[in-house]
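Sequence positions, counted from 1, serve as the residue numbers for this chain.
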Amino acid sequence: MTENTADNTTRTPTATTPEPTARQRLGYVLGRTLPTQLHPWVIADTTGPGATRRYATRCLIPLIPILAGLLLIPGPWIIRTGMVLLLFLPFVYFLLALKNIYLRHRLVSHGLDPRRLNATKQRRLDQEQASYESRYRSAP
């Protein structure tokens, strides 16, 4: 139990964790690296709760004007909707399929260990295995 508490404090931003300024955050969204004192924030951003939501939001917002522009092309609604869906659905599919690769790249570009991405998943799998073994593998 204490192990999880220690991990949660390193992953989620706290009052002592410095946050980037608006300019630094914009540069981070555009692909720049942040200074070393902001590495705990980068770790929390890429591995913490809501990382997938933040990643998807950052990627989908630039697509909205393009899709809205396609809806303004004259023609039947079915054609316009079809054009939007033909771009949007594969985009979302590949966005989610390449999430780990992009987040791993984000960690490596900041000089951090890319294995941090799998730490949460591995910890959950270990807990499930321990729970299973305590229920079904205990000695009679």
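Scanning both residues, P62 and P65, for their nearest heavy atoms gives O-CD, 3.3 Å. Taking both residues in full, the closest heavy atoms of L107 and L117 are given as CD1-CG, 3.8 Å, listed atom of the first, atom of the second, then distance. Minimum interatomic distance between V29 and R58 (heavy atoms only, all atoms of both residues): CG2-NE, 3.9 Å. Summarising the geometry of H110 relative to H39, their closest heavy-atom pair is O-CE1, 2.9 Å, with the distance given to 0.1 Å.
Contact check for L60 versus V92: side-chain heavy atoms found under the 4.5 Å cut-off. Annotation: side chain of V42 is not in contact with side chain of D45 (no heavy-atom distance under 4.5 Å). At least one side-chain heavy atom of E19 sits under 4.5 Å from a side-chain heavy atom of R25.
In this structure, W41 CH2 and L34 CG are separated by 6.5 Å, a value rounded to the nearest 0.5 Å. Taking CE of M83 as the start and CG of L86 as the end, the distance is 9.5 Å to the nearest 0.5 Å. Interatomic distance, CG of L70 versus CD1 of I73, reported as 5.0 Å (0.5 Å rounding). With values rounded to the nearest 0.5 angstrom, L26 atom CG is found 9.0 Å from R32 atom CZ.
Criterion: ILVMFWY side-chain heavy atoms under 4.5 Å apart, direct or through other members. Under it, L71 and F91 are part of a common hydrophobic cluster. When hydrophobic clusters are built by joining Ile, Leu, Val, Met, Phe, Trp and Tyr residues whose side-chain heavy atoms come closer than 4.5 Å, directly or via intermediates, L87 is not grouped with F94. Linking ILVMFWY residues whenever their side-chain heavy atoms come closer than 4.5 Å, directly or via other members, leaves I64 and F88 in distinct clusters.
Residues forming a side-chain contact (heavy atoms from CB on, under 4.5 Å) with L98 (at least two apart in sequence, or on another chain): I101. For R124, the salt bridge (Lys or Arg N to Asp or Glu O under 4.0 Å) partners at least two apart in sequence or on another chain are E128.
Side-chain atoms of S109 come within 3.5 Å of backbone N or O of H105 as a donor-acceptor pair. Looking only at distances, no side-chain donor or acceptor of T81 sits under 3.5 Å from a matching main-chain atom of I78. When atom types are taken as modelled, the side chain of R106 and the backbone of Y28 share a donor-acceptor pair closer than 3.5 angstrom. Distance alone, capped at 3.5 Å, is enough to place a donor-acceptor pair between the Y55 side chain and the L95 backbone. The backbone N or O of G75 sits less than 3.5 Å from a side-chain atom of R80, completing a donor-acceptor pair.
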*Let me see the working for R104 and N118 under side chain to side chain contact (heavy atoms under 4.5 Å, CB included), right down to the final yes or no.*
CA-CA 10 Å; R104 184 171 284 116; N118 299 332; 3.6 Å; yes
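Counting non-hydrogen atoms of other residues, nucleotides and ligands closer than 6.0 Å to CZ of R54 gives a total above 12.
Among residue pairs with one or both ends in residues 88-99, those qualifying as side-chain hydrogen bond (donor to acceptor under 3.5 Å, both in side chains) are T52-K99; sequence neighbours excluded.
Defined by atom type and a distance below 3.5 Å, a donor-acceptor pair is missing between the side-chain atoms of R53 and T57.
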